[in-house]
Amino acid sequence: MRLSRSFLPTLKETPAEAQIVSHRLMLRAGLVRQTSAGIYAWLPAGLRVLENVARIVREEQDRAGAQEILMPTIQAAELWQRSGRYEDYGKEMLRIEDRHGRPMLYGPTNEEMVTALFAAEATSYRDLPRNLYHIQWKFRDEVRPRFGVMRGREFLMKDAYSFDLTKEASEHSYRQMFVAYLRTFARMGLKAIPMQADTGPIGGKLSHEFIILAETGESQVFLDRALLDFDPLAEAPDYDAGLSPLVEFWTKHYAATDEKHDEAAWAAVPAERQVSARGIEVGHIFHFGTKYSEPMGLRVQGPDGADVIPQMGSYGIGVSRLVAAIIEASHDEAGIIWPDAVAPWRLHVLNLKPGDAGCDALAGALHDAMPAQAILDDRGDRAGVKFADADLMGTPWQAIIGPRGAAAGKVELKRRATGERLELTLEEALARIRG
RNA sequence: CGGGGCGUAGCACAGCCUGGUAGUGCGCCUGCUUUGGGAGCAGGAGGCCGGAGGUUCGAAUCCUCUCGCCCCGACCA
């Protein structure tokens with residue numbers, strides 16, 4: 001993409017409404033624009049990141065055996081009246097009416113709908129287990145949306161729902177998601193730590209929040225350093241086999257948010273392993289038994305011919321929130337530092353002198369070598385503007401093309417994360433970028 | 001939902017107290033000069049001062065109502 005023709009509006013100054021660093025950088029780097037309180041439009045660069053995050057989530061859900069579907073954003077109130085949550089959910093639920101006066105709502109989550117959907121088809125224990133997920137926009141009419149996309153009213157969420165015959169099988173489904181989450185966040189370059197959580201209005205007993213560590217995180221967390229030394233990607237899990245040892249490792253060490261903090265248990269952690277940090281919740285998983293399957297009329301016939309009410313769990317990841325969370329965890333004074341896996345582009349080519357034949361040729365060749373993954377700054381601005389925008393936008397690699405280097409056939413390749421610079425030929429640079 | 005604050009040009013803000021017909025910086029357009037870390041000079045475009053009522057000869061400024069947005073708290077993927 002050529003910057004001279006793209007819709008990537010960067011801002012030199014920070015808009016007054018943005019308080020936290022990710023919100024400021026998302027506005028300044030031209031990722032999003034607010035359209036109403038807590039509601040955002042995603043511009044090209046932001047959309048690419050959002051889609052990259054969603055892609056990783058999707059790949060890990062699929063790998064863990066979940067199947068993707070897509071449920072609507074608008075739901076009938078009747079569905080929620082059956083579970084009793086139409087009354088319970090309160091003002092956070094955006095209620096609307098269609099032209100016939102029928103009560104509808106913009107879905108804040110999909111337990112009722114997915115359960116009804118599944119109940120209409122499942123009749124036998126052979127239809128279990130199943131895990132269905134979708135990545136869809138949700139709306140929760142937060143009293144006070146803030147922090148940009150971090151706590152918006154409209155947000156993109158991955159939510160998965162598992163259906164099992166027995167409690168034991170259901171706990172296995174829970175562990176599958178638990179492990180999938182560890183991998184998902186690790187692939188985005190994040191340190192995500194599972195922590196015991198309250199189940200809130202969704203209900204149930206088994207529940208973990210996945211918290212990523214970021215200096216600017218909104219909640220205080222306490223954890224055992226042992227959890228930070230482990231790489232979830234070190235080996236591929238066998239989702240069909242027992243995942244208990246893996247999950248046990250992650251749950252036997254101390255980790256808690258300040259709400260659940262237990263001073264006694266904390267004191268038992270050796271002092272040199274105590275880590276007190278800030279965190280952001282990016283995922284939440286629940287096991288809630290028959291809380292929805294029962295009222296929604298989901299039942300299947302077991303091997304013995306008796307009716308069984310399936311056990312369920314639900315598993316959320318805040319996809320749009322993750323974009324902000326990643327920035328909170330990865331930025332510096334100059335701007336965003338995108339982890340390679342989610343970066344909108346791999347390469348940002350800076351043509352410092354458009355119009356100079358050598359610069360145009362070399363910059364164009366670099367860009368054209370990976371057109372879908374490169375952005376070319378071919379604007380007529382001064383070099384300083386381009387350097388500043390490139391750092392702000394945070395693309396992992398910058399190829400700086402000036403007249404002097406171009407004449408010698410050299411590009412200056414800069415790694416955004418480290419600031420490291422190398423003088424390379426075009427081929428060498430491409431080899432390194434493609435890594 | 002309780003408390004507080006702010007709406008003036010694309011962005012950041014001044015002007016409001018003490019009414020007299022709108023300004024600064026950045027950005028934008030044109031020209032010249034400049035050209036490796038957010039350039040210089042000159043010229044220029046751009047505002048129903050959030051909206052509606054009212055007071056007044058006259059309202060960005062005073063009064064009333066309304067809409068929007070932000071911050072703190074309680075709540076939350």
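Quantities reported herein were computed from a predicted structural model and do not represent experimental measurements. Keep in mind that the numbers below use all heavy atoms, side chains included, and drop hydrogens, waters and symmetry copies. Lettering follows sequence order; numbering is per chain, from 1.
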Base, sugar-phosphate, or nothing: which does [X] touch, judged by heavy atoms less than 4.0 Å apart?
X         : result
Arg28(A)  : base
Arg421(A) : base
Gly152(A) : base
Glu142(A) : base
Ala388(A) : base
Gln19(A)  : sugar-phosphate
Asp389(A) : base
Ile400(A) : base
Glu13(A)  : base

Think [X] has a side-chain N or O under 4.0 angstrom from the OP1 or OP2 of [N]?
X         : N      : result
Gln34(A)  : G68(B) : no
Arg151(A) : C76(B) : no
Lys91(A)  : C1(B)  : yes

| message | Strictly by Watson-Crick or wobble contacts shorter than 3.5 Å, is anything paired with G43(B), and which nucleotide is it? | response |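 Answer to the pairing question: C29(B), which forms a Watson-Crick or G-U pair with G43(B).
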
Worksheet item: If the P atom of G40(B) is compared with that of U21(B), how far apart are they to the nearest Å?
Response: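 Taking atom P in both G40(B) and U21(B), they lie 32 Å apart.
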
Could you give the side-chain donor-acceptor pairs of residues 398-410 of chain A under 3.5 Å, partners two or more places apart or in another chain?
residue	atom	partner	partner atom	Å
Gln398(A)	NE2	Asp391(A)	OD1	2.8

Can I get a per-line list of side-chain donor-acceptor pairs under 3.5 Å for residues 16-27 of chain A, giving both atom names and the distance, sequence neighbours left out?
residue	atom	partner	partner atom	Å
Gln19(A)	NE2	Ala16(A)	O	3.4
Ser22(A)	OG	Glu328(A)	OE2	2.6
His23(A)	ND1	Gly148(A)	N	3.4
His23(A)	NE2	Tyr40(A)	OH	3.4
Arg24(A)	NE	Gln19(A)	O	3.2
Arg24(A)	NH2	Gln19(A)	O	2.8

